[in-house]
Colleague: 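Let me give you the structure first, and then I'll get to my questions.
Letters A, B, ... are given to chains in the order of the sequence lines, protein chains preceding strands, and every chain is numbered from 1.
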Amino acid sequence: MAKVYPAGELRLENVGEEVTVNGWVNNRRDLGGLIFIILRDRSGLVQVAIDPRDNPEAHAAASDVRNEFVLRITGTVRKRPEGTINDKLPTGQVEIVPNKFEVLNPAKPLPFQVNDNSEVDELQRLRYRYLDLRRPFMQNNLIMRHKVTKYMRDYLDERGFLEIETPILIKSTPEGARDYLVPSRVHPGEFYALPQSPQQLKQLLMVSGMEKYFQIARCFRDEDLRADRQPEFTQLDIEMSFIQQEDILQLIEGLYTGMAQTLRPDKKILQSPFPRFSYDESMARYGNDKPDIRFGMELTDVSDLVKDSEFKVFSGAIAAGGQVKGLHLPGCGSYSRRELDGLVDFVKQFGAKGLAYLQLEGETGSLTSKSPAAKFFSPEQLQAIAQKFGPEVKGGDLLVFVADQPAVVANALGRLRNEMGKRLNLINQNIFAFCWVTDFPLLEWNGDENRWDAVHHPFTAPKPEDVPLLETDPGKAKANAYDMVCNGYETAGGSIRIHNRDVQTKMFGLMSYSLEDTQARFGHMLNAFEYGAPPHGGIAAGLDRTIMLFTDEENIRNVIAFPKTQSATDEMTQAPSPVDQRQLKELHIALALPPEKKPGQAN
RNA sequence: GGAGGUGUGGUGUAGCGGCCUAACAUGCUUCCCUGUCAAGGAAGAGACCGCGGGUUCGAAUCCCGUCACUUCCGCCA
């Protein structure tokens, strides 16, 4: 019996061997006499040459074969004749001459072609996902996904971690995202929730003495989708006992450095060890807490230069407790009115009231501007402002400013910075720019509810030195929380947890949870923490986003085998779908549908 | 909940008030062809232009509504 080979692995050294290959017809070239079939399996492509003089039966069978038929070919590997070598294929020096040609299954013409990488309508791809996944780039993405999770498991196993599964049906403890709910048949009127993450369970495993836990965990959040967000997604979830923040950072940094070097050796890691920014520094320099440090163009604060300016937009904002910051856009001084308006509209959608700009002309040191805002500044003031952005500012450049409260300024300019980085081609696509953002605020004031909300989650520990601030100025307290960022994506986030009952009680108090409330929602956690909870902390890394980075994809659907559409439907199986009255009755559920929409009336 | 983009043979696009009885590529069907490799050549089938309404002498094309996909805002501890 001939050895079964992956089609894409046949080479010159196999010449003369009798082999069997299984796969799909990628394409077929019928020269009248000779027929060439390019057979595709997961490993790649190989050519089968069928000559009617060698094997009339095989030739007859091959004549009826069409694209995507499933074949099993047993034959001899032959070196291709001189001048017929195909450099584009790894197997291009050889071909298979079949002794046995079996059609395992025919195939109808496909709704779209899978043997090239041309764009296909997203709906078609999702409806026929099993065909979309035949395309080599999608197969490569899933192969990369496997390699990443394999690397993670090996890395953590070597360091003494245990992979432990946690339940998918858990208790709903609403806070943060909306839960997916599952009705209980046995307990009428009661519901399970699908986990938004295994957060509480992994902390309880620390109380159990597992010490080092990890899980490649599915998480569920019933929120609207984005290019990098699906309602169900996967996290590498990690928790450790008896450790400091530094231990977690080292662990994850080692993991991602190793993965990058092993799985994408062609990509350079921008800086190692990964640079670290405090939350405040990241907000000040990049305008967000997930800075893309593949390019500069940092936010520049000109508040002190313009606080007494005649330009009321600037001086007024500062007088109201705000600030004025700007970006230096090299070469954009020649933007048309239309393009400038485009920038203004861009920042407006992020809460800025407007965007002031200075189109610079002349020589460095004596720059001038004819822009409307320029008339409020003396030539000296204009120089000072320009210089604040650095010595490289020159005629032909554009300076843009947002004047507002710091949060608005940061958001508007942070978004604009990312947009302009892309537009001006400042981003090197061949690097991984990892960094850490640390020292997040612990709490943020919720004006609507008149209480404090946890920025990370309610079990996040304050920095020890900031515990007294919980009494005096909770908004100033920093958390032992940290995010790892890569190329502007938040790739992982975690914290050291509270294991002290008093601090936890204080936190719940600030968040205005009543005693009953706390007990009902987190009683199991508080009880557990009374039986000897070790100091612990952890992190969760977004697996899907990690794969996106490792495959250069900009869409999460391309790294998930069976993703959902933006309206959270599965086009392949048509989920969600109405269910039988019987099922509903068994679950003690009566529908109260909005009048206009009935289930099952898509299209 | 809101804003933008897209919707034309199986697939990807062009056409953006009359030349459209809708074009091109690819795929599909039939035929020719023994060294192709995105094989080539010949012939052919296939879309009432997402759906509904309106404007107009005339609509794939303009307007309104609606549905779907998509990107973004809100939302996502």
Side-chain angles (χ1 to χ4, degrees), chain A residues 26-38 45-54 59 66-68 78 80-89 91-92 95 108-128 131-132 173-179 196-197 199-200 219-231 233 345-351 411-412 415 418-419 440-444 446 452-460 479 481 490 493-495 507 511 540 542 554-555 557 564-567 569 571 596-597 601-603:
Chain A
N26 192 70
N27 59 311
R28 173 176 158 279
R29 293 183 282 273
D30 186 343
L31 272 58
L34 261 183
I35 296 176
F36 295 103
I37 286 176
I38 305 299
L45 305 172
V46 72
Q47 173 163 287
V48 182
I50 304 122
D51 190 323
R53 292 171 306 197
D54 295 345
H59 187 267
R66 292 295 178 269
N67 282 356
E68 301 304 318
R78 176 169 76 187
R80 291 201 194 185
E82 283 305 315
T84 65
I85 286 164
N86 185 351
D87 297 328
K88 290 180 206 155
L89 287 184
T91 62
E95 62 191 6
K108 295 199 292 185
L110 267 44
F112 53 85
Q113 285 160 256
V114 300
N115 55 10
D116 61 16
N117 279 343
S118 59
E119 293 290 309
V120 179
D121 180 62
E122 194 69 27
L123 200 54
Q124 293 294 328
R125 293 181 59 191
L126 293 174
R127 190 162 288 161
Y128 299 97
L131 299 180
D132 192 41
T173 56
E175 37 143 349
R178 239 174 259 121
D179 281 328
Q196 295 179 21
S197 80
Q199 182 60 39
Q200 297 184 19
C219 305
F220 305 86
R221 294 178 192 174
D222 187 2
E223 296 294 344
D224 289 336
L225 291 83
R226 287 288 187 280
D228 64 348
R229 254 164 44 190
Q230 282 270 311
F233 61 98
D345 289 341
F346 182 85
V347 296
K348 275 186 176 166
Q349 59 174 316
F350 303 107
N411 190 30
R415 303 272 195 163
N418 285 337
E419 172 67 20
F440 280 79
L442 182 69
L443 297 159
E444 67 185 342
N446 181 335
W452 295 95
D453 281 341
V455 169
H456 192 54
H457 61 68
F459 303 103
T460 299
E490 184 197 320
S495 65
M507 284 287 286
M511 290 183 275
E554 291 192 347
N555 195 297
R557 293 187 300 276
K564 297 194 170 45
T565 67
Q566 193 170 38
S567 51
T569 62
E571 280 302 313
E596 67 275 32
K597 273 196 182 174
Q601 284 206 333
N603 301 324

Colleague: Ignoring hydrogens and angles, tell me if any N or O in the side chain of A/Gln124 forms a donor-acceptor pair with the backbone of A/Phe112 under 3.5 Å.
Modeller: no
Colleague: Taking only side-chain nitrogens and oxygens of A/Arg415, does any of them come within less than 4.0 Å of OP1 or OP2 of B/C72?
Modeller: no
Colleague: Does A/Ser567 make a side-chain N or O approach to OP1 or OP2 of B/C69 shorter than 4.0 Å?
Modeller: yes
Colleague: Have a look at A/Arg557 and say if it touches a base, only the backbone sugar-phosphate, or nothing, with a 4.0 Å heavy-atom cut-off.
Modeller: sugar-phosphate
Colleague: Rounded to whole Å, how long is the line connecting atom CG of A/Asp179 with atom P of B/C76?
Modeller: 13 Å
Colleague: Salt-bridge test for A/Asp224 and A/Arg226: reply yes if a basic N is under 4.0 Å from a carboxylate O, no otherwise.
Modeller: no
Colleague: Scan A/Ser197 against the nucleic acid and name what it touches under 4.0 Å (heavy atoms): base, sugar-phosphate only, or nothing.
Modeller: base
Colleague: Sequence neighbours excluded, which residues qualify as salt bridge (charged side-chain N to carboxylate O under 4.0 Å, His left out) partners of A/Arg80?
Modeller: none
Colleague: Can you check whether A/Ala177's main-chain N or O pairs, donor with acceptor, with A/Arg221's side chain at less than 3.5 Å?
Modeller: no
Colleague: Determine the contact category for A/Asp87: base if any of its heavy atoms lies under 4.0 Å from a base atom, sugar-phosphate if only primed atoms, P, OP1 or OP2 are that close, otherwise nothing.
Modeller: nothing
Colleague: What string of B, S and - do you get for nucleotides 35-52 of chain B, 5' to 3', when a contact is any protein heavy atom under 4.0 Å?
Modeller: BBBSB-------------
Colleague: Looking at A/His59 and A/Gly33, would you say the former's side chain and the latter's main chain have a donor-acceptor pair under 3.5 Å?
Modeller: yes
Colleague: If only atom types and distance count, is the side chain of A/Thr91 paired as donor or acceptor with the main-chain N or O of A/Leu45 below 3.5 Å?
Modeller: yes
Colleague: Which is true for A/Thr569 with a 4.0 Å heavy-atom rule: it touches a base, it touches only sugar-phosphate, or it touches nothing?
Modeller: sugar-phosphate
Colleague: Which of the following nucleotides, B/C28, B/C73, B/U71, is nearest to the side chain of A/Asn67?
Modeller: B/C28
Colleague: Quick check: closest heavy atoms across A/Ile35 and A/Asp30, and the distance to 0.1 Å?
Modeller: CG1-OD1, 3.6 Å
Colleague: Listing time: all N or O pairs from protein to nucleotides 29-31 of chain B that are below 3.5 Å?
Modeller:
from	atom 1	to	atom 2	distance (Å)
B/U29	OP1	A/Arg66	NE	3.1
B/U30	OP2	A/Arg66	NH2	3.4

Colleague: Within the distance-only criterion (no hydrogens, no angle test), does the side chain of A/Gln230 pair as donor or acceptor with the backbone N or O of A/Arg557 below 3.5 angstrom?
Modeller: no
Colleague: Would you mind building the protein contact string for nucleotides 3-13 of chain B? One character per nucleotide, 5' to 3', B for base within reach (heavy atoms under 4.0 Å), S for sugar-phosphate only, - for untouched.
Modeller: -------BSS-
Colleague: Under the side chain to side chain donor-acceptor pair (under 3.5 Å) test, which residues partner A/Thr460, sequence neighbours left out?
Modeller: A/Ser495
Colleague: Test of understanding: with salt bridge (charged side-chain N to carboxylate O under 4.0 Å, His left out), list the residues that count as partners of A/Asp51, not counting sequence neighbours.
Modeller: A/Arg53
